[in-house]
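Structure first, commentary second.
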Amino acid sequence: MKNITVIGAGTMGNGIAHTFAQKGFNVSLVDISQEALDRGLGTISKNLDRMIAREKITEADKQDTLNNITTYTDLKEGVQQADLVVEAATENVDLKLKIFGQMDEFAPADCILASNTSSISITQLGAATSRPEKVIGMHFMNPVPIMKLVEIIRGYSTSDEVTKSIMDMSIQLGKTPTEVNDYPGFVANRILMPMINEAIETLYNGVAGVQEIDTVMKLGMAHPMGPLQLADFIGLDVCLSILEVMYDGFKNPKYAPCPLLVNMVMAGKKGVKSGEGFYDYSESKKAEKVSSSFA
C-alpha cells in the first residue's frame, strides 16, 4: 500500500496525514472546504517546524513530507487511486455512515476502508458498504505524530488478511498496534471516559475543585495530566459524544454523561477548542487558570 487518503483535515486528520506523509506515503487529504485544508496544512507545517527545532528532522525532511500531501475538496477525486482510506471526520454516526457509503462507491474495489472513530461500531460502518470484510478501525491517539498507540478494531466481518495488513502498516508508521474487538468505546475510551465522567461528577457534587481533582490524579496516580484538563484537551463535545455512544450501546447507567458535562457542551464550553472548559484558555493554551464558572 502506497496511496493513502485521509478524510478530514481537523486535529486527528491532519495528524494522520502528517504521519503517513513523513513515512514516505502518497497522501490525499480531503475536506469539504479549501479553508479547512489550508488550516490542516498550516498545522502540519507548524508541527514539522517544532520537530526541526528539536533536531528530530531537517528542513529537507519537512519539504519532502509536505510534498507528499495533495489536497482535495471532492471526495470522489480524492479516493480514486487509494489503497487505504482513513476516515477522520467528526464523531457523528450519521455523518460517518454517509462518508463510508461514498468511500465504498468511489474507492477502488480492493481498497481498505478504515475509520479513526474512538467509539462508533466498525461493524455498523462496514454494513454501510459492499465490502465489510475490508472495513477496519484505526484509532490513533492525539497528537498523532507523537503518540505510539493505534487501536486496531476488527468489525464482525473484518478479514484476517486486512487485519494483518493494517497491523503491519501501523508498525511501518513507527506505531504500536493493539488489536481489540468491536464493542462501544473499544478499550481506550471504555476505560478513559468513565474516569473523566466520574471526575466531572466529583466536581458536580462539590467534593473538590477543578485543580484539586486534577492534582490528586497527577500526583497520586502519576497521570501526566488531570482528567478535567484532559477532557478540555480532547474536547468536551467529543467526550459527551463518546459517552452517549457507550450509554446507548450498553444501556448501563454507569456510562450516562454527567449533567454538568451536558450543560457545558450546550453552553459552548468545549475546552481548549472554544477557549474555555474547566479551565480558561483565553491567555494561554496551558491549563493554568480555572474557568470563572468553577473559581
Side-chain angles (χ1 to χ4, degrees), residues 11-12 90-93 116-122 137 139-143 146-151 153 178 180-281 285-295:
T11 300
M12 296 305 294
T90 303
E91 195 74 352
N92 176 287
V93 65
N116 181 59
T117 181
S118 54
S119 60
I120 293 168
S121 168
I122 300 302
H139 180 208
F140 291 87
M141 304 294 129
N142 185 28
I146 295 171
M147 299 292 279
K148 291 292 186 184
L149 176 67
V150 184
E151 267 190 313
I153 304 105
T178 302
V180 305
N181 290 318
D182 186 24
Y183 293 95
F186 315 131
V187 171
N189 283 315
R190 184 167 180 173
I191 295 169
L192 174 64
M193 286 301 155
M195 184 193 75
I196 286 176
N197 199 44
E198 194 62 32
I200 300 171
E201 287 278 2
T202 303
L203 176 66
Y204 180 56
N205 292 330
V207 178
V210 171
Q211 286 182 315
E212 289 76 13
I213 291 167
D214 278 353
T215 297
V216 166
M217 297 306 291
K218 285 190 288 185
L219 301 186
M221 312 303 164
H223 290 195
M225 66 173 74
L228 300 177
Q229 180 187 358
L230 180 56
D232 277 354
F233 179 70
I234 293 168
L236 302 190
D237 54 334
V238 176
C239 293
L240 176 59
S241 176
I242 294 169
L243 284 163
E244 287 175 337
V245 167
M246 292 168 65
Y247 182 55
D248 183 61
F250 290 116
K251 301 297 190 293
N252 188 324
K254 74 177 180 179
Y255 299 115
C258 176
L260 175 58
L261 174 61
V262 176
N263 280 344
M264 290 177 72
V265 173
M266 285 196 296
K269 310 298 184 183
K270 300 177 182 179
V272 177
K273 70 174 78 174
S274 70
E276 185 181 350
F278 295 104
Y279 293 87
D280 185 333
Y281 302 95
K285 295 297 183 185
K286 297 178 181 178
E288 297 173 331
K289 180 181 177 184
V290 173
S291 165
S292 59
S293 299
F294 306 110

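Of the possible donor and acceptor atoms, none in the side chain of E276 sits under 3.5 Å from a partner among the backbone N and O of S291. A donor-acceptor pair is defined here as one N or O able to donate and one able to accept, closer than 3.5 Å; no such pair exists between the side chain of E151 and the backbone of V180. A donor-acceptor pair is defined here as one N or O able to donate and one able to accept, closer than 3.5 Å; such a pair exists between the side chain of N189 and the backbone of S118. Between the side chain of S241 and the backbone N or O of D237, no donor-acceptor pair lies under 3.5 Å.
The two residues I213 and A208 come nearest to each other via the heavy atoms CD1-O, 3.6 Å. Taking all atoms of both residues into account, the shortest heavy-atom contact from A295 to V290 is N-CG1, 4.1 Å. Annotation for L236 and G277: closest pair CD1-CA, 4.3 Å, computed over non-hydrogen atoms. Of all the heavy atoms in E91 and T117, the pair that sits closest is OE2-OG1, 2.7 Å. Taking both residues in full, the closest heavy atoms of A231 and I196 are given as CB-CG2, 3.7 Å, listed atom of the first, atom of the second, then distance.
Applying the ring-ring contact (aromatic ring centres under 6.0 Å, His included) definition to pairs two or more places apart or across chains, those involving residues 253-276 are F250-Y255. Applying the ring-ring contact (aromatic ring centres under 6.0 Å, His included) rule to pairs touching residues 181-220 yields nothing, sequence neighbours excluded.
More than 12 non-hydrogen atoms from other residues, nucleotides or ligands lie less than 6.0 angstrom from NZ of K251.
The line from CZ of F233 to OH of Y279 is 14.5 Å long, rounded to the nearest 0.5 Å. Here the NZ atom belonging to K273 is positioned 10.0 Å from the CD1 atom belonging to I234, to the nearest 0.5 angstrom. Interatomic distance, CD1 of I122 versus CG of D182, reported as 6.0 Å (0.5 Å rounding). Between the CD1 atom of I200 and the CE atom of M193 there is a distance of 9.0 Å, given to the nearest 0.5 Å. The line from CZ of F278 to CG of L203 is 6.0 Å long, rounded to the nearest 0.5 Å. With rounding to the nearest 0.5 Å, the separation of CG in N197 from CG in L260 is 10.0 Å.
Proximity of V93 to V245: side-chain heavy atoms (C-beta onward) are nowhere separated by under 4.5 Å. Side-chain contact between K254 and P194 is absent, with no heavy-atom pair separated by less than 4.5 Å. Here the side chains of P259 and M264 are not in contact, with every heavy-atom distance at 4.5 Å or above. Considering only heavy atoms from C-beta on, H139 comes within 4.5 Å of N116 through its side chain.
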Please lay out, stage by stage, how N142 and M147 fare under the test side chain to side chain contact (heavy atoms under 4.5 Å, CB included).
CA-CA 6 Å; N142 185 28; M147 299 292 279; 5.9 Å; no
For M195 and L192, run side chain to side chain contact (heavy atoms under 4.5 Å, CB included): C-alpha distance rounded to whole Å, both residues' side-chain angles, the deciding distance at 0.1 Å, then the answer.
CA-CA 5 Å; M195 184 193 75; L192 174 64; 3.8 Å; yes
Just distance, no hydrogens or angles: give the donor-acceptor pairs under 3.5 Å from side chains in residues 217-230, sequence neighbours left out.
none

